[in-house]
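For the single chain, residues carry numbers from 1 onward in sequence order.
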Amino acid sequence: MFAPRRTVRALVVAATAAAMLMSTVSAQAADIPPPGEIVTSPNVTHVGTLPKLPGLEATTNSDIAFQGDYAYVGNYGGFSIYDIRNPRRAKLVSGVLCPGSQMDVSVYGDLLFAAVDNSRNDDSCSSVAQPASVKESWEGVRIFDISDKKNPKYIKSVETNCGSHTLTLVPGKSRDRRNVYLYASSYNPNATFPDCLPPHDKISVIKVPLRNPTAAAVVKTPVVFPDGGNETQPGLLLPTSGCHDITVYAEKNIAAGACMGDGVLFDISDRENPVITARTTDPNFAFWHSATFSNNGDKVIFTDELGGGGQATCNEATGPNRGANAYYDIKRGKLVFKGYFKITRYQADTENCVAHNGSLIPVKGKDIMVQAWYQGGVSFVDFTDSSKPKEIGFFERGPEPDGGGGGIWSAYYYNGYVYASDFRRGLDVLKIDDRRTDPAKGVRLDRLNVQTQASYGHGH
């Protein structure tokens with residue numbers, strides 16, 4: 001752990017501010033930054049913060065996708081497009097106001113795909129929330145034409161069972177390369193929801209013909225837990241009824257699913273029919289949230305979204321093994337647990353903090369990841385030894401001045417810089433300068449959808 005660059009006076013101010021924010025102050029409170037103040041390790045620089053698209057100021061930023069010189073940032077109220085050709089002079093280009101959480105985004109060519117897991121009265125961008133118990137309600141995936149970056153156009157919607165909490169883009173292969181597929185992950189069925197009935201336990205597979213994207217449609221709804229998932233483990237946020245997020249490693253025909261109470265591996269040789277090949281549970285995990293493969297595909301990191309992302313779990317009381325990353329080696333097709341990682345910088349009791357979305361930093365021969373932790377900020381972790389992952393850098397802010405929720409949703413490395421979507425503020429641009437990560441500066445990608453992994457040197 002690095003010592004933040006703070007003066008003695010700042011430490012006193014930090015302790016005072018923390019005391020004002022909390023009725024009970026932990027022994028670590030003196031090391032909590034003042035509200036909103038940025039602190040970093042010596043090897044990390046905050047380049048700047050890009051504002052949200054006007055009209056999205058009050059709604060939450062979510063996931064990020066990249067293509068060419070542009071970053072696409074999802075938001076519960078739509079999405080923003082940024083020109084990042086010169087990261088130190090990046091700028092907002094345009095965006096779309098189109099409400100419907102979470103607006104998880106992926107891009108491919110002239111298309112942007114956005115996930116909607118919020119029941120609406122119709123599929124339009126002027127829709128309003130409507131209960132899922134109403135048969136006519138809509139939720140699923142929206143498709144936009146982004147060929148004109150200054151004027152994106154909404155061209156198609158696809159309704160899916162239980163909506164689309166997240167989506168994963170899967171390129172077709174061989175003769176199927178003129179198509180891409182979307183795995184729409186959803187869960188939490190209810191007997192009163194006509195389009196989301198128990199037990200669910202499935203994903204929706206959408207086929208998108210690249211030459212005719214308005215013909216996109218659900219082609220399969222494979223049940224991935226035919227015998228049911230993990231439903232009885234004490235401490236689960238929710239029993240397994242589907243997957244929260246799936247990461248595919250298309251060139252290897254594998255995928256890793258973070259499926260509520262279960263961590264799984266899939267064979268995706270048949271893009272329309274992913275099949276579980278390995279499965280594990282963990283008594284320390286409350287909610288399997290996301291997954292990331294190592295570059296050579298022999299490790300996978302799963303994250304636990306303890307408290308659903310809304311609670312203060314980066315504290316001494318919660319401990320180091322809950323709300324954390326879990327590292328697994330893949331041995332003979334099975335998941336073999338190796339260890340946990342959690343940030344050791346304790347956060348204030350007002351700060352929602354838990355393991356969240358991150359990506360690999362492309363250093364050949366090493367396994368290094370950058371990752372968001374909500375109000376815990378951004379952490380850089382070397383997990384080359386998966387039994388002993390260690391933090392090598394960080395960025396964070398002090399608690400939100402109003403004592404509310406916030407923080408960094410996703411933090412991803414793309415062509416030399418890290419881009420982090422802050423709930424409230426917009427898009428943070430960060431730079432790490434470290435001998436362990438410097439080799440990544442020579443790797444250039446033409447696309448990055450983080451849930452669509454490709455080996456270094458290949459466009460995502």
Side-chain angles (χ1 to χ4, degrees), residues 62-63 74 76 99-106 113-120 122-123 127 129-143 156-170 181-208 216-226 228-231 236-248 255-264 266 268 271-276 287-291 303 305 308-309 357 449 451-452:
S62 57
D63 215 0
Y76 278 39
S101 67
Q102 296 187 134
M103 291 297 283
D104 190 30
V105 293
S106 286
F113 307 97
V116 180
D117 190 30
N118 170 230
S119 187
R120 316 293 297 175
D122 61 39
D123 64 354
S127 65
Q130 179 170 281
S133 55
V134 177
K135 172 63 179 173
E136 292 74 23
S137 295
W138 179 90
E139 51 188 326
V141 173
R142 293 173 174 144
I143 304 175
K156 175 69 175 178
S157 71
V158 180
E159 188 170 14
T160 58
N161 294 131
C162 299
S164 181
H165 193 72
T166 63
L167 58 79
T168 303
L169 187 144
V170 191
Y181 295 85
L182 305 173
Y183 291 169
S185 295
S186 56
Y187 55 89
N188 211 18
N190 189 296
T192 67
F193 298 167
D195 295 323
C196 184
L197 296 172
H200 192 56
D201 285 335
K202 65 182 72 172
I203 63 176
S204 297
V205 180
I206 299 171
K207 184 176 183 178
V208 184
V218 174
V219 291
K220 292 286 179 64
T221 53
V223 176
V224 294
F225 294 103
N230 180 11
E231 300 178 8
L236 288 180
L237 181 68
L238 291 168
T240 299
S241 59
C243 292
H244 177 275
D245 211 341
I246 295 171
T247 293
V248 300
C259 301
M260 305 180 70
D262 297 81
V264 304
F266 292 97
I268 60 166
R271 298 291 196 251
E272 296 185 13
N273 293 286
V275 177
I276 288 178
F287 191 81
W288 296 70
H289 176 273
S290 54
T303 65
E305 194 182 46
N357 296 346
N449 297 304
Q451 289 75 34
T452 310

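Between Gly242 and Asp201, the shortest heavy-atom contact is N-OD1, 3.9 Å. Heavy-atom minimum distance, Ile143 versus Ala216: CD1-CB, 3.7 Å. Taking each heavy atom of Pro194 and Ala132 in turn, the nearest pair found is CD-O, 3.4 Å. For Trp138 against Val158, the heavy-atom pair with the smallest separation is CZ2-O, 3.9 Å. Residues Thr240 and Cys259 share a closest heavy-atom pair of OG1-O, 3.2 Å. The shortest non-hydrogen separation linking Ala256 to Ala291 is CB-CB, 3.7 Å.
Counting only distance, with no hydrogens or angles, the side chain of Gln102 and the backbone of His165 share a donor-acceptor pair below 3.5 Å. Side-chain atoms of Ser157 do not come within 3.5 Å of backbone N or O of Arg142 as any donor-acceptor pair. Ser137 places a side-chain N or O within donor-acceptor distance of the main-chain N or O of Pro131, the cut-off being under 3.5 Å. The main-chain N or O of Ser204 is never found under 3.5 Å from a side-chain atom of Thr160 such that the two would form a donor-acceptor pair. Checked by atom type and distance alone, the side chain of Asn230 pairs as donor or acceptor with a backbone atom of Gly261 at under 3.5 Å. Although no hydrogens or angles enter the test, the distance criterion places a donor-acceptor pair under 3.5 Å between the side chain of Thr166 and the main chain of His244. Remark: the backbone N or O of Asp63 is not paired with any side-chain donor or acceptor of Asp104 at under 3.5 angstrom. Between the side chain of Ser119 and the main chain of Gln130, a donor-acceptor pair closer than 3.5 Å is present.
Here the straight-line distance linking atom CG of Asp245 with atom CG of Asn357 works out to 6.5 Å at 0.5 Å rounding. Taken from OH in Tyr76 to CG in Asn118, the straight-line distance is 9.0 Å, to the nearest 0.5 Å. The line from OG1 of Thr452 to CG of Leu169 is 5.0 Å long, rounded to the nearest 0.5 Å. Distance CZ/Phe193 to NE2/His200: 12.0 Å, rounded to 0.5 Å. Rounding to the nearest 0.5 Å gives a distance of 7.5 Å between CD of Gln451 and OG of Ser290.
In this structure the side chain of Ile268 reaches within 4.5 angstrom of the side chain of Pro274, judged on heavy atoms. Using a 4.5 Å heavy-atom threshold, the side chains of Asp117 and Glu139 count as touching. At least one side-chain heavy atom of Lys135 sits under 4.5 Å from a side-chain heavy atom of Asp195. Using a 4.5 Å heavy-atom threshold, the side chains of Trp288 and Met260 count as separate. Side-chain contact between Met103 and Val116: present, with at least one pair of heavy atoms (C-beta onward) separated by less than 4.5 Å. At a threshold of 4.5 Å between non-hydrogen side-chain atoms, the residues Val264 and Val224 do not count as touching. Between Lys202 and Cys162, the closest side-chain pair of non-hydrogen atoms is not below 4.5 Å. Using a 4.5 Å cut-off on side-chain heavy atoms (C-beta onward), Cys243 and Phe266 make contact.
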Quiz item: What's the verdict on side chain to side chain contact (heavy atoms under 4.5 Å, CB included) for Asn273 and Lys220, showing C-alpha distance, side-chain angles and the deciding distance?
Solution: CA-CA 7 Å; Asn273 293 286; Lys220 292 286 179 64; 3.2 Å; yes
Practice problem: Would you check, one step at a time, whether the test side chain to side chain contact (heavy atoms under 4.5 Å, CB included) holds for Thr221 with Ile203? | Solution: CA-CA 6 Å; Thr221 53; Ile203 63 176; over 6 Å; no
Exercise. Any chance you could lay out the side chain to side chain contact (heavy atoms under 4.5 Å, CB included) test for Phe113 and Ser164, step after step, and finish with the verdict?
Key: CA-CA 11 Å; Phe113 307 97; Ser164 181; over 6 Å; no
Self-check item: Residue pair Asn161, Cys196: steps toward the side chain to side chain contact (heavy atoms under 4.5 Å, CB included) verdict
Solution: CA-CA 5 Å; Asn161 294 131; Cys196 184; 5.9 Å; no
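A centroid separation of less than 6.0 Å is found between the aromatic rings of Phe287 and Tyr187.
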